[in-house]
Amino acid sequence: MPLQNFRVRYIYFGMLDGTARAIDSPAGYFKHEMVVVADNQQEASRVVQDLGGTVIDVVKQRAAEDTGYFSKVSRNYKHKFLQAISFNVRAGLSAEKSLEEVILNDLGPQRMALNNVLEALRRGYGFVEALELLRWFDESTIAVLRAGEANGRLGQSLKTAVNFYQQSSSLIKLMFGAFAWTMVDLLMAVSVVAGIRFGLIEDLKRNPIRTEDEAKKIAFENALTWAEWINNLLLVSACIFTFLVIYILSLVISKDPKTRDFGYNVLEKIPVLRDIIKCGGVASTSRVLGSLLEGGVLFLEALKICKRGSLSPSVTEFWNDIEARTEQGFAPTQAFNHDFLDGSERLLLRTHRDQQQLAESLTSIADSREERGTSSAKKFSIIAFMASMFYSGAAVIVCLFVVFLQNEAVLSGT
């Protein structure tokens, strides 16, 4: 039988940990909680009883799973998880001990996955080796942490990873927030069009205008046909748009690199989205590179690490060009003379005098690119809103026209 997680609530004399809560009686006793890994509830209870505690209840926990893009472990949790480890490292604990302390203090559904890491630490795994078992973090984050571990600057690397997660999350939320509102508005408009097409129009077909004037009958039938075609066109266009969105989304979230690159290439052909993707990619990778250089990592090694964090093929190609120029013997001032950067960015990079100044320049570029990415994301939300309003407006106009036809039919029958 596989091991399971059990949340055990128990009473103990004195305060064992941060979960302790005082009870009224008996005096000096506190209620505690802990997660126990065991085969069954009885074994979990015995673990607490061996500590001298009195068990109140034992509840089996379900594990939170990580399944890539549709992870049950939220990005926010992962960010806080790294931040908690960073706090412990900055307080003087070793990386392995910091990770162990964070795991032991977690009483949530993630604990099942974390127990595997805890067991790995106790078997002698290193910090990054154990962290990789979670499969929570992308290759770039792991590479940054591995470089920090190798160079003895893990505290700085953790700070970089925390900042990277924080900045990338804000841009993703802005993009998907605008996209979500657009889809909601589109769904409402489509529901109106579908109601008209399969409700009012079909009713008018069954109950046409009643008049002896053949000209009016023909005019009514032509107008009804025209309204039907417009509704059909609106519904078909919405279906095509939805299909394209789902198709491109499936490409972008694919775990196959070639398929994912194809998806991003498609998105980069759309002007506003191209700016968001490129600015976001340059900002995140430049920040990682600047942080690694500030931490003392050699330029070429830091370059190879930072480029792994880009999902955009064009941004990856840019860093590949910089890497190739560096390997050919070009200094960073010459290597960064690239058309992918704008004039002010090239000027800033050409004037640096040492690695610390280069790191500062890259951080400045990351800040400006983030601002541009945020501005483009806002522009995208405005364009998407206007497009959805245009679609909704067309649906409302058709709705009013069909209602007018319905009134004509009703009045003709009086």
Side-chain angles (χ1 to χ4, degrees), residues 138-168 171 261 264-265 268 271 274-376:
D138 56 38
E139 188 179 356
S140 176
T141 303
I142 294 296
V144 168
L145 295 175
R146 186 179 288 112
E149 188 176 49
N151 289 278
R153 297 177 179 270
L154 191 56
Q156 179 66 32
S157 296
L158 279 165
K159 182 180 178 182
T160 300
V162 169
N163 289 336
F164 171 74
Y165 249 73
Q166 187 176 21
Q167 296 296 332
S168 59
L171 193 60
D261 287 349
Y264 274 98
N265 280 326
E268 287 184 7
R274 178 174 60 241
D275 293 339
I276 296 173
I277 293 170
K278 286 186 176 181
C279 288
V282 172
S284 61
T285 50
S286 296
R287 191 173 298 283
V288 169
L289 179 58
S291 182
L292 290 171
L293 293 175
E294 187 179 354
V297 180
L298 295 177
F299 177 71
L300 188 57
E301 182 183 349
L303 195 60
K304 291 179 178 180
I305 292 172
C306 88
K307 72 177 186 179
R308 299 175 189 170
S310 172
L311 295 175
S312 166
S314 59
V315 175
T316 302
E317 184 180 354
F318 162 69
W319 289 117
N320 285 335
D321 288 345
I322 303 299
E323 182 183 2
R325 293 180 181 186
T326 304
E327 290 176 340
Q328 291 170 7
F330 288 92
T333 52
Q334 298 170 305
F336 277 111
N337 188 25
H338 199 285
D339 292 338
F340 198 82
L341 301 173
D342 62 34
S344 61
E345 292 169 341
R346 292 197 296 270
L347 175 63
L348 181 62
L349 291 168
R350 278 199 301 266
T351 55
H352 77 272
R353 291 291 178 266
D354 54 39
Q355 184 160 310
Q356 290 300 317
Q357 288 185 1
L358 177 57
E360 187 177 343
S361 300
L362 289 165
T363 302
S364 176
I365 290 172
D367 291 337
S368 62
R369 286 282 182 160
E370 280 171 6
E371 289 180 6
R372 287 169 56 182
T374 302
S375 176
S376 296

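Quick caveat: nothing in here was measured; it's all calculated off a predicted structure.
Note that the CG atom of N265 and the CZ atom of R274 stand 12.0 Å from one another [nearest 0.5 Å]. Distance check, rounded to the nearest 0.5 Å: CZ of R350 to CD of Q334 gives 11.0 Å. From K304, atom NZ reaches atom CG of L298 across 11.0 Å, with rounding to the nearest 0.5 Å.
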Taking it one step at a time, do L362 and F336 satisfy side-chain contact (heavy atoms from CB on, under 4.5 Å)?
CA-CA 11 Å; L362 289 165; F336 277 111; 4.2 Å; yes
Does the pair S312 and E268 meet the rule for a side-chain contact (heavy atoms from CB on, under 4.5 Å), with working shown?
CA-CA 9 Å; S312 166; E268 287 184 7; 2.3 Å; yes
Please determine whether side-chain contact (heavy atoms from CB on, under 4.5 Å) holds for the pair T285 and L289, giving the CA-CA distance in whole Å, both sets of side-chain angles, and the decisive distance to 0.1 Å.
CA-CA 6 Å; T285 50; L289 179 58; over 6 Å; no
Apply side-chain contact (heavy atoms from CB on, under 4.5 Å) to residues L341 and L349 and explain how you reach the verdict.
CA-CA 10 Å; L341 301 173; L349 291 168; 3.6 Å; yes
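Contact check for E360 versus H352: no side-chain heavy atoms found under the 4.5 Å cut-off. When side chains are defined from C-beta on, I322 does not count as touching F330, because their heavy atoms never get closer than 4.5 Å. When side chains are defined from C-beta on, T326 does not count as touching P332, because their heavy atoms never get closer than 4.5 Å. Using a 4.5 Å heavy-atom threshold, the side chains of W319 and S286 count as touching. You'll find the side chain of E345 stays beyond 4.5 Å of the side chain of S361, heavy atoms only. A 4.5 Å side-chain heavy-atom check between D321 and F340 finds every atom pair outside the cut-off.
With a 6.0 Å radius and a threshold of 12 heavy atoms from other residues, nucleotides or ligands, Q355 has its CD atom above the threshold. Shown here is E317, whose CD atom has no more than 12 heavy atoms of other residues, nucleotides or ligands within 6.0 Å. When the shell of 6.0 Å around CG of D339 is examined, it contains 12 or fewer heavy atoms from other residues, nucleotides or ligands.
A salt bridge links R372 and D342; the closest N-O separation between the charged side-chain nitrogens and carboxylate oxygens is under 4.0 Å.
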